[in-house]
Amino acid sequence: RLEDLMNAISKADLASVITPEDHLDRAGMLNDISSILLNRYERTRDMDDLEKAISKGKSAVSVTPENHPDRVVRLGSLENKLFRRHERAGNMDDLEEAISKADLAASIAPENNLDRAAMLSNLGFLLFRRSKRTGNMCDLEAVISNAELAVSITPEDHPDRAARLSNLSIMMLSRHEREGNGRS
């Protein structure tokens, strides 16, 4: 029910407002509001909700200590919201900022960690989208490199492995189509 969503936003917002700025839980509360606002945006398509979700997401990232284990996920969440705004409005700055957040998330995630695999996969997807728009082959090479690394980190029995392999195959096919069939 939309009413429940409205109440959830109201309560989560109040919780973040009354929580002291230096409190450890504040970043999580801001991230929660950001996610709830995105949920409402997905239902209503109201751009104001997406703008607020991005704003709260940026606040959540900014108050999350650099060494905090949730920083990777919060950066990934913000990257997702920025990409959605790019999809809706077509602004390349949003795509560039999403790429920047995904790149940072992938770089700070622990080696051989599934969060890192997910962030590399997200980064690869964003670079692929930029490559499709700009025709930049360097992006496509980075896409494939990130996708290969994401697959290598993902255990063989993990449910996301098939999707990551499929994405990698699509990216390799795209490179083949751009370069022609002379590549070995």
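Hydrophobic clustering (side-chain heavy atoms under 4.5 Å, transitive across Ile, Leu, Val, Met, Phe, Trp, Tyr) keeps Ile36 apart from Tyr41. In terms of hydrophobic clustering, with Ile, Leu, Val, Met, Phe, Trp and Tyr side chains grouped at heavy-atom distances under 4.5 Å, Leu123 and Ile170 are assigned to a common cluster. No single ILVMFWY cluster, assembled from side-chain heavy atoms under 4.5 Å apart, contains both Ile9 and Met47. Cluster membership for Leu38 and Leu30, using ILVMFWY side-chain heavy atoms within less than 4.5 angstrom, is not shared. No chain of hydrophobic side-chain contacts below 4.5 Å, direct or via other Ile, Leu, Val, Met, Phe, Trp or Tyr residues, connects Val61 to Ile99.
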Next on the checklist: With side chain to side chain contact (heavy atoms under 4.5 Å, CB included) as the criterion, how do Arg45 and Arg88 come out once you've worked through the C-alpha distance, each side chain's angles and the decisive distance to 0.1 Å?
Outcome noted: CA-CA 10 Å; Arg45 307 303 285 171; Arg88 175 88 183 264; 4.1 Å; yes

Next on the checklist: I'd like to know whether Glu148 forms a side chain to side chain contact (heavy atoms under 4.5 Å, CB included) with Val151, so could you lay out the CA-CA distance, the side-chain angles of the two residues, the decisive distance to 0.1 Å, and finally the verdict.
Outcome noted: CA-CA 5 Å; Glu148 288 174 332; Val151 167; 5.8 Å; no

Item to check | Verdict with supporting geometry, Met6 and Arg40, side chain to side chain contact (heavy atoms under 4.5 Å, CB included) | outcome: CA-CA 8 Å; Met6 302 292 274; Arg40 186 168 70 183; 2.7 Å; yes

Next on the checklist: Applying side chain to side chain contact (heavy atoms under 4.5 Å, CB included) to Asn31 and Ser77, what does each step give before you reach the verdict?
Outcome noted: CA-CA 8 Å; Asn31 196 63; Ser77 179; 4.0 Å; yes

Next on the checklist: Checking Arg84 against Asn80 for the side chain to side chain donor-acceptor pair (under 3.5 Å) test, could you report, in this order, the C-alpha distance in whole Å, the side-chain angles of both residues, the deciding distance, and whether it holds?
Outcome noted: CA-CA 6 Å; Arg84 286 172 189 248; Asn80 177 45; 3.3 Å; yes

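For Met137, the CE atom counts as densely surrounded, since its 6.0 Å shell holds more than 12 non-hydrogen atoms of other residues, nucleotides or ligands. Counted within 6.0 Å of CG on Leu165, heavy atoms from surrounding residues, nucleotides or ligands total more than 12; the atom is thus considered enclosed.
Taking the side chain as every heavy atom from C-beta outward, Ser35 and Asn39 never approach each other to under 4.5 Å. Residues Arg85 and Asn91 have side chains not in contact (no heavy-atom distance under 4.5 Å, counting atoms from C-beta outward). Contact of the Arg178 side chain with the Leu140 side chain is registered, since non-hydrogen atoms from C-beta on lie closer than 4.5 Å. In this structure the side chain of Asn113 never reaches within 4.5 angstrom of the side chain of Ile153, judged on heavy atoms. Using a 4.5 Å heavy-atom threshold, the side chains of Glu21 and Val63 count as separate. Two residues are said to be in side-chain contact when any heavy atoms from C-beta on lie closer than 4.5 Å; Phe83 and Glu97 fail this criterion. A 4.5 Å side-chain heavy-atom check between Asp115 and Pro110 finds every atom pair outside the cut-off. Side-chain contact check for Thr134 versus Met92: some heavy-atom pair is nearer than 4.5 Å.
For Thr64 (side chain) and Ala60 (main-chain N/O), a donor-acceptor pair under 3.5 Å exists by modelled atom type. The main-chain N or O of Ser59 is found under 3.5 Å from a side-chain atom of Ser62 such that the two form a donor-acceptor pair. Remark: side-chain polar atoms of Ser152 are paired, donor with acceptor, to backbone N or O of Leu149 under 3.5 angstrom. Side chain of His86 to backbone of Asp94: no donor-acceptor contact under 3.5 angstrom is found. Thr19 contributes a side-chain N or O that, together with a main-chain N or O of Ala15, makes up a donor-acceptor pair within less than 3.5 Å.
To the nearest 0.5 Å, the span separating CG on Leu104 from NZ on Lys101 amounts to 7.0 Å. To the nearest 0.5 angstrom, Leu75 atom CG is 10.5 Å from Asp103 atom CG. Here CD1 of Ile144 is found 12.0 Å from CG of Asn167. Values are rounded to the nearest 0.5 Å. Considering OG of Ser16 and CG of Asp32, their distance stands at 10.0 Å, rounded to 0.5 Å. Considering OG1 of Thr154 and CZ of Arg164, their distance stands at 4.0 Å, rounded to 0.5 Å. One distance of note links CZ of Arg129 with CD of Glu87; it measures 5.5 Å at 0.5 Å rounding.
The minimum heavy-atom distance between Ala105 and Gly76, with the atom names listed, is CB-N, 4.4 Å. The minimum heavy-atom distance between Ile54 and Leu82, with the atom names listed, is CG2-CD2, 3.9 Å. Nearest heavy-atom pair, Ala106 versus Leu120, reported as atom, atom and distance to 0.1 Å: CB-CD2, 3.9 Å. Of all the heavy atoms in Arg133 and Gly90, the pair that sits closest is NH1-O, 3.3 Å.
At a threshold of 4.0 Å, the pair Asp49-Lys52 does not count as salt-bridged, since none of the basic side-chain nitrogens sits closer than that to a carboxylate oxygen. Between Arg116 and Glu111, at least one side-chain N (NZ, or NE/NH1/NH2) sits under 4.0 Å from a carboxylate O, which counts as a salt bridge.
Between the side chains of Ser34 and Arg74, no donor-acceptor pair of N or O atoms lies under 3.5 Å.
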